Amino acid sequence: MAFCKYASLQVNNDSISIDVKFLNDYIAIAPENCLKVYLFGLLKCKNSASFDNTIENFENVLGLSQEEVLECFQYWQDQNVIQILDTKPVEIRYLPTKDNIRNTKKIESKKYASFVQEMQEILTGRQINPSEYYKYIDFMETYNILPCDFLMIVKYCVKLKGVVINSNYILTVAKVWADEGVRTANKIEEKIESLSLIATDLNTFAKALKFKGNLSVEHQTLYEKWIKSYGFNLNNLCLVAKKMSSKIKNITFELFDKKITKYFELKLLSFAEIEEYEANKSDLMNVAREINKALGIYYESVENEIDTYILPWMNRGFSQQALYLVANFCFKSAVRTLDGMDTKILQFHKAGLITVKSINDYLNDILTVDKIIKEYLITLGMDRRVNNYDRAFYKTWTITYKFSPEIIEYAISLSANKSNAMQYANTLLTDWHDKNLNNLDEIKKDFKLKPSTVQKSFVGKSFRDGLTDEEVNALFDNLDEINF
């Protein structure tokens, strides 16, 4: 049985029919998820026999749970737009919209008699019809707003737009506020007071932007965000607006919002900082291209790279030359992506290495240490590159154990051509450290008279067969020196 289906045959393979009365009477007040479910259901009704006409498909495509999908259909059943025939399995029938509009629920006269009278007294510019009253009442019940509180919103809208204001504007304002949690008298009063304070400033900004349309609640909400959430002041907003409007005709609040949000994310909160950023954008593009060249990558457009990587790196204190230095280091270290370089930048910054000198000193120290370790590897008979394990061993020997180069070189010479030679040398040095031996002569004497545990273990593996422990120990006690 089909999940969604028309109550009667009304399929057009090239389009989906939505009655104008539905748009007028329902779309302004219906919750967003309910609209998604209704419209997606219309699509499924076009081919009710298709394999994906299931509640699981609604769940996957719309990102809603099956319970939420059913709740949305219950909402539309309450509006007499659809009918839920069964729930196991679920069967939905879409009813002819025109009939449904005529059968909308009656207003409870006792509960809303006072509200109906007061609404008409406020909207004196026109006669309110029953369908409009129903939309207001349905909204109040959906969002749990008291009639007296809803009337406060209506009065505010009339103050802005006049007594001939239409219902869609009133419901739009009420929905935006409700979504913000503004649903009670106290909250509504606070919201109106806040908007009243910024009304003059909003008009000033609109003039700077050369905005010619009517200001709405959406414009107020955006302006509040720029002032309260982002921290811009009116003067800076107007300066940016004038700059943009001089280059772009008929600029909208939405376009300005994208621009100012970008500046906020880049921590550019003053007009001077914004001007400097725009003036230096060509230089920043060259920086991005040079870094890409050093990493061995190419992007035709680097604007997003500037905002995502270059500016945040510079905000951390890295100069252009320091960034080039890190980029070259990344390339030589087989790190050849911007994300990879970003990780290295964070590591350098955490270590306090942000200037060319400090980074150069650090890299030179690494090169010096790697050169020493490379000589050790050659002595050990190991033909490979220096790795992090080698560096960790060297750090332990020199910093933790505090051995001199002569002692380390002696351990390396004893470990030449051994299996796992680097680990062998580390075991020797650890053994001497545990014995508190830090003088080369003492170490040589100890090695000759009583070889270390690692040596016994090694020789034991070679000669253990046929010898007792006592015989192995006697062998070491009588040997002046063993060359493995």
Side-chain angles (χ1 to χ4, degrees), residues 230 232 236 239-240 243-244 246-248 251 254-371 373-374 384-392:
Y230 290 178
F232 289 97
N236 284 328
L239 289 172
V240 176
K243 189 84 172 181
M244 289 183 65
S246 67
K247 299 178 180 179
I248 305 173
I251 189 169
E254 290 71 25
L255 182 59
F256 183 86
D257 179 57
K258 290 181 180 179
K259 196 76 169 178
I260 210 69
T261 297
K262 174 182 175 182
Y263 292 147
F264 170 72
E265 291 172 347
L266 295 174
K267 297 181 175 60
L268 306 174
L269 301 181
S270 71
F271 184 68
E273 292 171 325
I274 293 170
E275 279 279 83
E276 183 180 3
Y277 163 75
E278 294 293 346
N280 295 334
K281 183 171 283 187
S282 60
D283 292 335
L284 291 174
M285 287 183 175
N286 290 331
V287 172
R289 293 188 183 102
E290 286 298 318
I291 288 174
N292 293 347
K293 183 178 178 181
L295 292 174
I297 58 178
Y298 172 78
Y299 295 108
E300 185 173 348
S301 174
V302 295
E303 285 199 21
N304 185 58
E305 178 180 340
I306 290 172
D307 298 339
T308 305
Y309 298 103
I310 307 301
L311 275 174
W313 292 342
M314 288 184 165
N315 288 338
R316 290 181 179 275
F318 290 88
S319 66
Q320 294 180 19
Q321 295 302 320
L323 292 177
Y324 298 152
L325 189 60
V326 175
N328 281 297
F329 168 73
C330 287
F331 182 82
K332 292 176 181 178
S333 303
V335 175
R336 296 171 188 177
T337 65
L338 291 169
D339 282 340
M341 180 171 168
D342 187 52
T343 299
K344 291 295 181 185
I345 286 286
L346 294 177
Q347 291 173 346
F348 280 119
H349 183 266
K350 186 176 181 180
L353 306 172
I354 60 176
T355 65
V356 171
K357 183 180 184 306
S358 63
I359 295 172
N360 257 327
D361 289 345
Y362 171 77
L363 296 179
N364 286 333
D365 287 343
I366 290 179
L367 291 174
T368 300
V369 168
D370 279 9
K371 185 177 180 180
I373 296 174
K374 183 64 177 177
R384 63 170 175 79
R385 295 177 61 181
V386 176
N387 59 42
N388 286 333
Y389 293 108
D390 302 328
R391 297 185 186 100

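Fair warning: this is a prediction, and the values are worked out from it, not measured in the lab. For the single chain, residues carry numbers from 1 onward in sequence order.
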Before accepting this row, confirm whether a basic side-chain N of the pair R384/D390 lies closer than 4.0 Å to the acidic partner's carboxylate O. yes
With rounding to the nearest 0.5 Å, note down the distance linking NZ in K259 to CD1 in I274. 9.5 Å
Is there a donor-acceptor pair under 3.5 Å between the side chain of N236 and the backbone N or O of F271? yes
With distance as the sole test, does S246 use its side chain to make a donor-acceptor pair with the main-chain N or O of K243 at under 3.5 Å? yes
Pairing donors with acceptors under 3.5 angstrom, does anything connect the side chains of E278 and Y263? yes
Once you round to the nearest 0.5 Å, how far does OG1 of T337 lie from CG of N292? 11.0 Å
Can you give me the closest heavy-atom contact between L295 and A327, atom names plus distance? CD2-O, 3.7 Å
Would you sort out whether L338 and T308 count as a side-chain contact (heavy atoms from CB on, under 4.5 Å), showing the intermediate values? CA-CA 10 Å; L338 291 169; T308 305; over 6 Å; no
Give me the atom names and distance for the closest heavy-atom approach of G340 to V335. C-CG1, 3.5 Å
I'd like to know if K267 pairs up with E273 as an ion pair, taking the criterion as any Lys NZ or Arg NE/NH1/NH2 lying under 4.0 Å from an Asp or Glu carboxylate oxygen. no
Considering non-hydrogen atoms only, spot the tightest contact between I306 and P312 and give its length. O-CD, 3.9 Å
For Y362, look at atom OH and say whether over 12 heavy atoms of other residues, nucleotides or ligands are found less than 6.0 Å away. no
Aromatic rings W313 and Y309: how do their planes relate, parallel, tilted or perpendicular, breaks at 30° and 60°? tilted
Would the number of heavy atoms belonging to other residues, nucleotides or ligands and lying under 6.0 Å from NZ of K262 be above 12? yes
Identify the two heavy atoms, one from V356 and one from A322, that lie closest to each other, and give their separation to 0.1 Å. CG2-N, 3.6 Å
Residues Y299 and N304: side-chain donor-acceptor under 3.5 angstrom: no
Between N280 and E276 (side chain of the first, backbone of the second, donor and acceptor by atom type, cut-off under 3.5 Å), is there such a pair? yes
Quick one: sort the H349 and F318 rings into parallel, tilted or perpendicular, breaks at 30° and 60°. tilted
Can you tell whether the side chains of K374 and D370 come within less than 4.0 Å, N to carboxylate O? no
Strictly distance-based, threshold 3.5 Å: is any side-chain N or O of R336 a donor or acceptor partner for the main-chain N or O of F331? yes
Evaluate the side-chain contact (heavy atoms from CB on, under 4.5 Å) criterion for residues L284 and M314: first the C-alpha distance (whole Å), next the side-chain angles of each, then the deciding distance (0.1 Å), finally the verdict. CA-CA 10 Å; L284 291 174; M314 288 184 165; 3.7 Å; yes
Show the nearest heavy-atom pair for residues L363 and L325, with the distance to one decimal. CD1-CG, 4.2 Å
Donor-acceptor check, side chain of T261 to backbone of K258, threshold 3.5 angstrom: yes or no? no
Considering residues at least two apart in sequence or located in another chain, which fulfil the side-chain contact (heavy atoms from CB on, under 4.5 Å) criterion with R289? M285, N286, V302
